[in-house]
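Everything on this sheet refers to the single structure shown next.
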Amino acid sequence: MAELNKLTLLEAFAGLREGKFTSRELTQDCFDQIKKLDDKVKAFITLNEDEALAQADAFDAKFKAGESLSPLAGIPVIIKDIFCTTGLKTTAASKILADYVPPFDADTIKRLRDEGAVFLGKVNMDEFAMGGSTENSGFFPTRNPWDLERVPGGSSGGSAAALAADMGIYALGTDTGGSIREPASFCGVSGLKVSYGRVSRYGVMAMTSSLDTIGPFAKSVEDIALILKYIAGRDVKDSTTPDVVVDDYSEEIKKDIKGLKVGLPKEYFVEGMDAGVRDRVLEAAKKFEEMGAEIIDISLPHTDLAVAAYYIICPCEVSSNMARYDGMRYGLSKRDGDLLSIYLNSRAEGLGAEVKRRIMIGTYALSAGYYDAYYKKAMQIRTLVRQDFDEAFKDVDVILTPVAPAPAYKLGEKIGDPLKMYLEDVFTIPASLAGLCGLVVPAGFSENLPVGIQILGKRFDEKTVLRVGHQYQLVTDWHKSKPNLS
Amino acid sequence: MKLTQQEVEHIATLARLRLTDAEKEKYAGQLSGILDYMDKLGTVDTSAIEPTSQVTGLTNITREDSAENSGIADELVACAPSSRDGFVSIPKIFENK
């Protein structure tokens with residue numbers, strides 16, 4: 001059988017159980033695809049072929065012996081290079097960690113390892129997850145499989161691009177201000193930003209600790225529902241994970257959406273946005289209506305302030321989180337001179353332009369005399385944005401919005417203008433500030449480029465956004481469209 | 001808000017970043033532009049609004065203050081650029097008197 005790499009997680013699971021193919025064959029097809037296409041896409045930083053094939057063989061041996069196995073067992077996953085993986089280089093796409101090999105697993109990685117997953121390797125991203133195009137990688141940019149001249153989105157661009165090119169069965173990413181949702185939309189795959197606290201961040205390099213989340217990319221929402229069950233829940237090593245029940249997502253998504261109330265916020269349909277993007281969202285709304293949902297116009301009046309608040313809060317937390325990269329305990333260390341020059345030289349050489357820029361903004365905003373005007377003010381605006389959503393969710397079950405103002409743009413188009421790049425996040429940031437969950441599913445094209453829709457839900461109500469996304473995928477085929485790469 | 005090159009140098013010193021002259025000039029312009037955009041935050045009266053620092057509703061998650069064996073102490077120390085006898089080795093911070 002050829003091209004097993006193209007299967008969804010549930011298809012791969014069924015095929016393995018029916019003995020149609022082995023995990024080694026499935027894994028080998030993924031590596032064959034990587035070797036065939038990654039010269040063009042440039043998604044992978046590190047391949048994990050030896051360990052992956054050993055993990056696959058371990059599955060095959062257990063399956064042959066009739067052992068009971070997890071649905072995730074034997075199935076290859078693509079991992080963003082921000083998750084620590086025991087014995088496997090983990091760089092966060094930063095030169096300062098170019099040679100870092102962690103001696104422990106991130107919580108999500110440990111959970112997947114315990115389930116018997118196959119780790120294909122580590123993929124590219126914006127350095128320390130700072131960016132929206134993967135051009136801020138300290139190593140090389142990744143390209144969009146739908147158009148190699150365009151960005152895959154970011155920061156989890158490697159995850160989305162590799163999955164869209166069928167180099168694996170599903171992928172892991174992180175989302176702070178849109179880093180799963182934007183690349184999912186740009187690359188035509190499904191992606192979930194979980195509610196803040198739903199999935200442990202232990203062992204994932206911190207960027208903006210009050211906003212960082214972890215989530216899956218997959219070829220269908222059904223797959224996401226299955227994965228989430230295994231990675232969600234309380235972790236004593238991440239004190240921001242509350243003890244909230246983990247739902248049976250795979251069951252919940254089977255319910256139809258008759259009578260469900262879907263909010264359409266007027267602030268998300270702004271002048272200057274791409275007509276294709278706007279039309280795809282409105283068509284999806286119409287589809288939801290046909291499916292029995294009720295579309296309700298709503299207002300989220302503080303939307304326009306969210307980007308400004310985010311780009312204060314994020315750099316402030318970045319300036320603090322990046323202090324650990326000081327050349328003392330791990331990473332690049334320029335040991336030529338006194339303590340201060342080790343700090344200065346290691347950071348000058350190891351950190352990229354966007355990371356330095358955010359450290360600078362954050363340091364300034366937190367410095368004496370500016371705290372109230374910037375950081376405190378931003379946290380107050382955050383309250384207003386959160387309250388907007390709390391109010392809206394009194395009247396609706398989910399909120400439907402665009403993901404980004406336009407589809408994937410060309411490499412180099414925005415990299416010279418950081419503010420322009422920040423404004424790309426205008427539709428993803430508000431939900432981040434409120435800690436909500438948000439699902440992106442493919443919903444068509446704008447001039448041959450994929451366009452996703454964003455379905456926002458209440459905190460810890462992943463089951464409802466997944467249900468809406470899955471029901472939508474039962475009556476549409478957009479998620480089955482594939483880029484033409486050869 | 002226009003940041004001067006001196007202000008950029010001061011921030012860089014606080015953040016332990018060494019910038020080239022070209023970087024200083026570039027950041028002075030870019031940071032000024034970004035901070036100008038942030039001025040829109042000032043257009044809203046927030047005097048009666050409580051700040052939100054996080055949204056979990058959790059406070060003071062603590063555990064027993066006791067040491068646990070990670071089992072990977074040697075491996076962690078081995079990640080350091082320099083180590084000696086199971087300790088991370090760093091340059092002198094204080095001079096002996």
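Chain letters run A, B, ... following the sequence lines, proteins first and then strands; every chain starts at 1.
In this structure, chain B has heavy atoms under 4.5 Å from both the backbone and the side chain of A/Asp304. Contacts between B/Ile11 and chain A at a heavy-atom distance below 4.5 Å involve backbone atoms as well as side-chain atoms. At a 4.5 Å heavy-atom cutoff, A/Leu211 makes no contact with chain B through either its backbone or its side chain. In this structure, chain B has a heavy atom under 4.5 Å from the backbone of A/Leu433, while its side chain stays farther away. For A/Ala434, the part lying near chain B is the backbone, with the side chain staying farther off; criterion is any non-hydrogen pair under 4.5 Å. Within the 4.5 angstrom heavy-atom criterion, no atom of A/Phe460 approaches chain B. Interface remark: B/Val44 contributes backbone and side-chain atoms alike to the contact with chain A (heavy atom separation under 4.5 Å). In this structure, chain B has no heavy atom under 4.5 Å from any part of A/Ser346. In this structure, the portion of A/Ile342 lying under 4.5 Å from any heavy atom of chain B is its side chain and not its backbone. Within the 4.5 angstrom heavy-atom criterion, only side-chain atoms of A/Pro418, from C-beta onward, approach chain B. Heavy atoms of A/Val244 lying under 4.5 Å from chain B are absent altogether. Contacts between A/Tyr375 and chain B at a heavy-atom distance below 4.5 Å are absent for every atom of the residue.
A heavy-atom distance below 4.5 Å is found between the side chains of B/Leu14 and A/Ser367. Looking at heavy atoms from C-beta onward, A/Arg335 lies in side-chain contact with B/Pro81 at the 4.5 angstrom threshold. Using a 4.5 Å heavy-atom cutoff, the side chains of A/Lys376 and B/Thr46 are not in contact. Side-chain atoms of B/Gln30 and A/Arg357, non-hydrogen and from C-beta on, do get closer than 4.5 Å to each other. Using a 4.5 Å cut-off on side-chain heavy atoms (C-beta onward), A/Leu344 and B/Leu17 make no contact. Within the 4.5 Å cutoff, the side chain of B/Arg18 has no heavy atoms near those of the A/Tyr343 side chain. Between B/Arg16 and A/Asp326, every side-chain heavy-atom pair lies at or beyond the 4.5 Å cut-off. Between A/Tyr364 and B/Val8 there is no side-chain heavy-atom pair separated by less than 4.5 Å.
Closest of all the heavy-atom pairs between B/Ile49 and A/Gln380 is O-NE2, 3.0 Å. In terms of heavy atoms, A/Met360 sits closest to B/Leu19 at CE-CD1, 3.8 Å. In terms of heavy atoms, B/Ala15 sits closest to A/Ile359 at CB-CG2, 3.5 Å. Pairing each heavy atom of B/Glu75 with each of A/Pro103, the nearest pair is CB-CB, 3.4 Å.
Expressed to the nearest 0.5 Å, how far OG of B/Ser82 lies from CZ of A/Arg329 amounts to 14.5 Å. The distance from the CE atom of B/Met38 to the OH atom of A/Tyr311 is 9.0 Å, given to the nearest 0.5 Å.
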Would you sort out whether B/Val55 and A/Arg459 count as a side chain to side chain contact (heavy atoms under 4.5 Å, CB included), showing the intermediate values?
CA-CA 9 Å; B/Val55 294; A/Arg459 284 187 285 280; 4.3 Å; yes
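Contacts with chain B were tallied for A/Pro242, A/Pro102, A/Gly331; A/Pro242 has the most, counting heavy-atom pairs under 4.5 Å. Chosen from B/Gly33, B/Pro51, B/Ala80, the residue pairing most often with chain A at heavy-atom distances under 4.5 Å is B/Pro51. The choice from A/Ser239, A/Ser210, A/Ser195, A/Ala378 that makes the most heavy-atom pairs within less than 4.5 Å of chain B is A/Ser239. Listed options A/Leu423, A/Asp338, A/Ile361, A/Leu305 were ranked by heavy-atom pairs under 4.5 angstrom with chain B; first place goes to A/Leu305. Residue with the most contacts toward chain A among B/Leu41, B/Ile61, B/Val77: B/Leu41 (heavy-atom pairs, distance under 4.5 Å). Listed options A/Val101, A/Thr383, A/Ile312 were ranked by heavy-atom pairs under 4.5 angstrom with chain B; first place goes to A/Thr383. Comparing B/Gly71, B/Cys79, B/Ser70 by heavy-atom pairs within less than 4.5 Å of chain A, the highest count is held by B/Cys79.
Put simply, the side chain of B/Tyr27 never gets that close to the backbone of A/Lys356: no donor and acceptor are under 3.5 Å apart. A donor-acceptor pair is defined here as one N or O able to donate and one able to accept, closer than 3.5 Å; no such pair exists between the side chain of A/Arg386 and the backbone of B/Thr52.
Counting heavy-atom neighbours within 6.0 Å of A/Lys414 NZ, excluding the residue itself, gives a total above 12. In this structure, B/Glu25 places its CD atom where only 12 or fewer heavy-atom neighbours from other residues, nucleotides or ligands lie under 6.0 Å away. When the shell of 6.0 Å around NZ of A/Lys237 is examined, it contains 12 or fewer heavy atoms from other residues, nucleotides or ligands. Within 6.0 Å of the CD atom in B/Glu50, the count of heavy atoms belonging to other residues, nucleotides or ligands does not exceed 12. Within a 6.0 Å radius of NZ in B/Lys24, more than 12 heavy atoms belonging to other residues, nucleotides or ligands are found.
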